[in-house]
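Quick note: numbers below take in every heavy atom, side chains included, and nothing from hydrogens, waters or symmetry partners. Each chain gets a letter, A, B and so on, in the order the sequences are listed, and its residues count up from 1.
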Amino acid sequence: DTGVSQNPRHKITKRGQNVTFRCDPISEHNRLYWYRQTLGQGPEFLTYFQNEAQLEKSRLLSDRFSAERPKGSFSTLEIQRTEQGDSAMYLCASSWRGTNEKLFFGSGTQLSVL
Amino acid sequence: GQQLNQSPQSMFIQEGEDVSMNCTSSSIFNTWLWYKQDPGEGPVLLIALYKAGELTSNGRLTAQFGITRKDSFLNISASIPSDVGIYFCAGRGSYGQNFVFGPGTRLSVLP
């Protein structure tokens, strides 16, 4: 068990460019969550998957954001036409679905849009 | 939607002191999770609570699931410098929902 892995750790991009982040969950976990966190705030929910199905998306998730989990293992989060307001830490968490669910987070991807 | 409040927003304590912080919700929750986050890192799970009234310890940390199911408490005993960080509570109202996070309590420990 190597924990939740996120790549890259840091990404600097220019406004208008597309970026993609990857998350590799803990291997036996069937749920995967994406959160966004800005400085001084708690994580804000974006979306989550159970296996390959995307079960819920936040209203915060504009149509420039898309997430996939094609084989129920790793997930990608893509942001198209980035804006300066997209600058944040993007956190991925995984869990095993059940009544005693608990989320385990990766180290995050810090995005800076110039 | 569901919102969480955390109190205090920040606190400064002397090394060796005990710490108490709480988290309140506008609605009933069935799960509470407590996390610690260091700068530039993801949150690390400290304690998970699943039943009203439940009291769970993890070393010097103790957390409780409030009996109203609208609050939770975290206590740290005999604080040490490595306790410095931001403590977040997270909760959800039902098993199919996502987890909502509070704004955090920033803890500073003075030597």
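- Residues B:Val84 and B:Val19 share a single hydrophobic cluster, defined by chaining ILVMFWY side chains whose heavy atoms lie under 4.5 Å apart.
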For A:Gln37 and B:Phe88: C-alpha separation, side-chain torsions, deciding distance, then whether side chain to side chain contact (heavy atoms under 4.5 Å, CB included) applies.
CA-CA 12 Å; A:Gln37 186 179 27; B:Phe88 291 102; 3.4 Å; yes

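- The local environment of CZ in B:Arg60 is crowded, with over 12 non-hydrogen atoms from other residues, nucleotides or ligands closer than 6.0 Å.
- Between chain B and the options A:Gln110, A:Arg9, A:Arg97, A:Glu44, the largest number of non-hydrogen pairs under 4.5 Å is found for A:Arg9.
- The structure places NZ of A:Lys102 at 10.0 Å from CG of B:Leu49, a figure rounded to the nearest 0.5 Å.
- Taking a 6.0 Å sphere around CD1 of B:Ile67, one finds it holds 12 or fewer heavy atoms contributed by other residues, nucleotides or ligands.
- For A:Ser107 against B:Glu41, the heavy-atom pair with the smallest separation is OG-OE1, 3.4 Å.
- Placement of A:Phe65 and A:Leu111 within a single hydrophobic cluster is found when ILVMFWY residues are connected by side-chain heavy-atom separations under 4.5 Å, directly or transitively.
- Between A:Phe105 and B:Phe101, the ring centre distance stays below 6.0 Å.
- The contact between B:Gln37 and chain A is made entirely by side chain atoms (from C-beta outward), counting heavy-atom distances below 4.5 Å.
- Connection of A:Tyr35 to A:Phe74 is not established within any shared hydrophobic cluster, with ILVMFWY side chains joined at heavy-atom distances below 4.5 Å, either directly or through further cluster members.
- The choice from A:Leu55, A:Leu103, A:Thr47 that makes the most heavy-atom pairs within less than 4.5 Å of chain B is A:Leu103.
- Nearest heavy atom pair, residue A:Leu91 against residue B:Pro43, reads CD1-CD, 3.9 Å.
- A pairwise comparison of heavy atoms in A:Glu56 and B:Asn98 identifies OE2-ND2, 2.8 Å as the closest pair.
- Surrounding CD of A:Glu68 are at most 12 heavy atoms belonging to other residues, nucleotides or ligands under 6.0 Å away.
- Listed here is the closest heavy atom pair of B:Arg92 and A:Tyr33: NH1-OH, 4.4 Å.
- For B:Gln9, the CD atom counts as loosely surrounded, since its 6.0 Å shell holds 12 or fewer non-hydrogen atoms of other residues, nucleotides or ligands.
- No donor-acceptor distance shorter than 3.5 angstrom exists from the side chain of A:Tyr48 to the backbone of B:Phe99, with no hydrogens or angles considered.
- Residues A:Phe104 and B:Leu45 form a side-chain contact, since some pair of their non-hydrogen atoms from C-beta on lies under 4.5 Å apart.
- Residue A:Gln6: no heavy atom, backbone or side chain, is found under 4.5 Å from chain B.
- Grouping the Ile, Leu, Val, Met, Phe, Trp and Tyr side chains by contacts below 4.5 angstrom, directly or via other members, places B:Ile13 apart from B:Phe73.
- Counting heavy-atom pairs closer than 4.5 Å to chain B, the top-ranked of the candidates A:Gly42, A:Pro43, A:Ala93 is A:Pro43.
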